[in-house]
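See structure below.
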Amino acid sequence: MNRVKIVVAGPRGNMGKEAVKMVTETNEFDLVAVVDSKNDGMNLSEIDGFHGIEARVYTDIHKCFEELEVDVLIDLTAPAFGKKHMEAAFAKGVRPVVGTTGFTEEDIEELRTIAEEKSLGAIIAPNFAIGAILMMKFSQMAAKYLADVEIIERHHDRKLDAPSGTAVKTAQLISEVRAAKSQGHPNETEELKGARGADFEGMRIHSVRLPGLVAHQEVIFGGVGQTLTIRHDSINRTSFMPGVKLAVESVLRIDTLIYGLEHIIE
Ligand SMILES: NC(=O)C1=CN([C@@H]2O[C@H](COP(=O)(O)OP(=O)(O)OC[C@H]3O[C@@H](n4cnc5c(N)ncnc54)[C@H](O)[C@@H]3O)[C@@H](O)[C@H]2O)C=CC1
Ligand SMILES: O=C(O)C1=N[C@H](C(=O)O)C[C@H](O)C1
């Protein structure tokens with residue numbers, strides 16, 4: 001296999017730092033550049049925390065893809081940029097692996113159409129951690145038998161989007177096996193707006209943001225005389241890296257957009 005030429009967008013972020021490390025430590029991968037919100041024209045090795053890692057910094061993703069030969073973009077930036085970066089990648093035949101969250105279902109359909117028109121692979125994974133994928137799969141299994149369900153996701157207080165991409169994906173997977181239904185008392189009222197959380201087809205999603213947290217989710221099912229809780233914790237960002245690596249390897253072999261790593265980990 002030829003070495004995979006990779007660009008990481010968001011290299012100074014929590015996830016970007018880990019991704020740069022993973023790429024540079026993987027024999028078959030080459031880090032050819034990074035796309036950042038500042039430091040245009042610098043070398044990554046000149047930036048704190050990246051000593052010895054040679055890669056040109058671009059602030060303009062289009063220029064990066066024009067000047068370099070790139071196979072895969074790993075995007076770990078912010079909800080406002082994920083879609084634009086994917087479009088820039090498709091325009092130059094680059095395959096995106098995207099962990100950035102905040103995509104709507106319409107965004108994903110639009111991007112899938114472009115990927116298929118261009119016969120390019122693309123992966124959007126709201127969560128790269130294998131444990132989180134299992135939590136989602138187990139939740140989908142449980143929802144066949146226990147249709148009353150609430151999701152509590154807990155994240156660090158630097159997170160921009162709520163609910164988390166993982167919580168939305170969990171609710172979408174559950175909705176494939178659970179008919180929409182309202183939960184709680186039919187006459188319940190919210191004395192404080194938002195007290196019952198967000199409503200996804202009657203499932204309630206609650207988002208906690210606190211310093212000290214990384215990424216955690218509980219899916220709680222209620223039945224007669226019993227509850228079932230399925231919980232996952234990422235205690236640091238290395239938990240996501242085997243999934244990012246697998247996604248890079250997989251995106252080279254597909255010619256459509258895959259939304260969710262559960263489609264790759266059978
Ligand atoms: N799929 C997954 O498994 C995971 C996904 N995430 C998602 O990844 C994204 C990043 O998360 P964190 O690393 O925690 O955030 P962060 O805020 O620590 O890092 C984001 C980085 O992106 C940079 N950035 C922002 N706009 C940019 C642009 N236009 N071009 C280039 N760089 C830009 C920022 O300067 C920052 O360094 C979020 O959307 C988060 O929800 C986070 C953890 C796991
Ligand atoms: O912002 C984060 O940190 C995370 N974001 C993803 C999400 O929105 O689900 C994945 C993980 O939960 C960490």
Side-chain angles (χ1 to χ4, degrees), residues 7-22 33-40 44 47-50 55 57-65 73-89 96-103 107 123-133 135-136 151-173 205 207-219 231-248 258-262 264-265:
V7 166
V8 173
R12 288 177 301 110
N14 293 318
M15 282 291 281
K17 273 184 213 139
E18 289 297 335
V20 164
K21 188 163 178 282
M22 181 278 290
V34 295
V35 175
D36 200 350
S37 47
K38 62 178 193 183
N39 302 321
D40 191 37
L44 197 57
I47 297 169
D48 269 359
F50 296 102
V57 181
Y58 286 84
T59 51
D60 181 342
I61 198 165
H62 301 278
K63 186 170 172 210
C64 172
F65 294 150
L73 164 72
I74 300 178
D75 192 86
L76 299 160
T77 56
F81 299 103
K83 185 166 182 243
K84 288 179 195 151
H85 287 179
M86 287 187 77
E87 286 164 349
V97 165
V98 179
T100 305
T101 44
F103 289 87
D107 290 337
I123 295 176
I124 299 176
N127 201 311
F128 286 111
I130 179 69
I133 308 297
M135 166 192 61
M136 290 186 255
I151 298 171
I152 304 177
E153 54 99 337
R154 299 182 174 87
H155 282 84
H156 57 92
D157 64 349
R158 305 290 86 201
K159 186 161 179 59
L160 292 173
D161 53 320
S164 70
T166 308
V168 172
K169 181 71 179 173
T170 307
Q172 289 167 339
L173 288 172
I205 306 180
S207 297
V208 178
R209 297 290 177 265
L210 285 171
L213 294 171
V214 179
H216 318 263
Q217 181 168 292
E218 273 175 41
V219 188
R231 176 178 172 127
H232 176 259
D233 298 273
S234 270
I235 55 174
N236 60 47
R237 273 95 185 176
T238 57
S239 61
F240 303 112
M241 291 307 126
V244 177
K245 181 169 181 279
L246 176 69
V248 170
I258 285 180
Y259 167 52
L261 226 53
E262 70 279 6
I264 293 172
I265 300 164

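Counting starts at 1 for both ligands and their atoms, in listed order.
- Close approach to S37 involves these atoms of ligand 1, each under 4.0 Å from a residue heavy atom: 31 (C), 32 (N), 35 (O).
- Residue, atom and distance of the protein heavy atom nearest to atom 4 (C) of ligand 1 are M15 CE, 3.8 Å.
- Residues M15 and M241 are in side-chain contact: their nearest non-hydrogen atoms beyond the backbone lie under 4.5 Å apart.
- Surrounding CG of L210 are more than 12 heavy atoms belonging to other residues, nucleotides or ligands, all under 6.0 Å away.
- Contact of the H216 side chain with the D233 side chain is registered, since non-hydrogen atoms from C-beta on lie closer than 4.5 Å.
- Against a heavy-atom cut-off of under 4.0 Å, T166 is close to the following atoms of ligand 2: 7 (C), 9 (O), 10 (C), 12 (O).
- Residues V7 and Y58 have side chains not in contact (no heavy-atom distance under 4.5 Å, counting atoms from C-beta outward).
- The shortest heavy-atom contact between T59 and N39 is CG2-N, 4.4 Å.
- Given atom 28 (C) of ligand 1, the protein heavy atom at minimum distance is H85 CE1, 3.8 Å.
- Between the CG atom in L160 and the CZ atom in R158 there is a gap of 9.0 Å [rounded to 0.5 Å].
- Taking 4.5 Å as the limit, some side-chain heavy atom of I123 sits within range of a side-chain heavy atom of I264.
- Protein heavy atom in closest approach to atom 40 (C) of ligand 1: T101 OG1, 3.7 Å.
- Protein heavy atom at the shortest distance from atom 3 (O) of ligand 2 is H156 NE2, 2.8 Å.
- Residue contacts with ligand 1 for F128 involve both N, CA, C or O and side-chain atoms from C-beta outward (heavy atoms, distance under 4.0 Å).
- Taking distance alone, with nitrogen or oxygen atoms compared against 3.5 Å, R237 stays at or beyond that limit from ligand 2.
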**Item:** side chain to side chain contact (heavy atoms under 4.5 Å, CB included) evaluation trace for F240 with N14
**Value:** CA-CA 11 Å; F240 303 112; N14 293 318; over 6 Å; no

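- Closest approach of R12 and S37 over heavy atoms only: NH2-OG, 3.5 Å.
- Those atoms of ligand 2 that come under 4.0 Å of a heavy atom in A215, given as number and element, are 11 (C), 12 (O), 13 (C).
- With hydrogens left out, the protein atom closest to atom 1 (N) of ligand 1 is A125 O, 2.8 Å, a heavy atom.
- Protein heavy atom at the shortest distance from atom 1 (O) of ligand 2 is K159 NZ, 2.9 Å.
- There is no protein heavy atom closer than 4.0 angstrom to atom 17 (O) of ligand 1.
- When heavy-atom distances to ligand 2 are checked against a 4.0 Å cut-off, Q217 has no atom that comes that close, whether in backbone or side chain.
- Under 4.0 Å from ligand 1, not a single heavy atom of A132 appears.
- Here's the thing with P126: one of its N/O atoms is less than 3.5 angstrom from an N/O atom of ligand 1.
- Between A9 and H85, the closest heavy-atom pair is CB-ND1, 4.1 Å.
- Nearest non-hydrogen protein atom to atom 33 (C) of ligand 1 is T77 CG2, 3.7 Å.
- Distance from atom 7 (C) of ligand 1 to its nearest protein heavy atom, with residue and atom name: G99 O, 3.4 Å.
- For atom 37 (O) of ligand 1, the closest non-hydrogen atom on the protein side is G13 N, 3.2 Å.
- Between T101 and G165, the shortest heavy-atom contact is CG2-CA, 3.8 Å.
- The shortest distance between side-chain heavy atoms of F128 and S239 does not fall below 4.5 Å.
- With respect to atom 10 (C) of ligand 2, the closest heavy atom belonging to the protein is P126 O, 3.2 Å.
- Between M136 and N127 the shortest side-chain heavy-atom distance falls below 4.5 Å.
- If you check the side chains of T166 and E153, you find no donor sitting under 3.5 Å from an acceptor.
- Across G10 and T77, no two heavy atoms sit closer than the pair N-CG2, 3.7 Å.
- Every heavy atom of A9 sits 4.0 Å or more from the atoms of ligand 1.
- Across G165, A162, P163, heavy-atom proximity to atom 7 (C) of ligand 2 is greatest for G165.
- The heavy-atom pair separating G16 from V8 by the smallest distance is O-CG1, 4.2 Å.
- Near N127, the atoms of ligand 2 lying under 4.0 angstrom from a non-hydrogen atom of the residue are 10 (C), 11 (C), 12 (O).
- A heavy-atom distance below 4.5 Å is not found between the side chains of F81 and I61.
- Under 4.0 Å from ligand 1, not a single heavy atom of K38 appears.
- Ranking the protein heavy atoms by distance from atom 23 (C) of ligand 1 puts G10 CA, 3.9 Å first.
- Among protein heavy atoms, the minimum distance from atom 12 (O) of ligand 2 is reached at H155 NE2, 2.6 Å.
- Interface of N127 with ligand 1, defined as ligand atoms under 4.0 Å from a residue heavy atom, comprises 1 (N), 2 (C), 3 (O).
- Near S164, the atoms of ligand 2 lying under 4.0 angstrom from a non-hydrogen atom of the residue are 7 (C), 8 (O), 9 (O).
- Applying the 4.0 Å criterion to heavy atoms of K159 picks out, from ligand 1, the atoms 41 (O).
- Under a 4.0 Å criterion applied to the non-hydrogen atoms of T101, ligand 2 contributes the atoms 6 (C), 7 (C), 8 (O).
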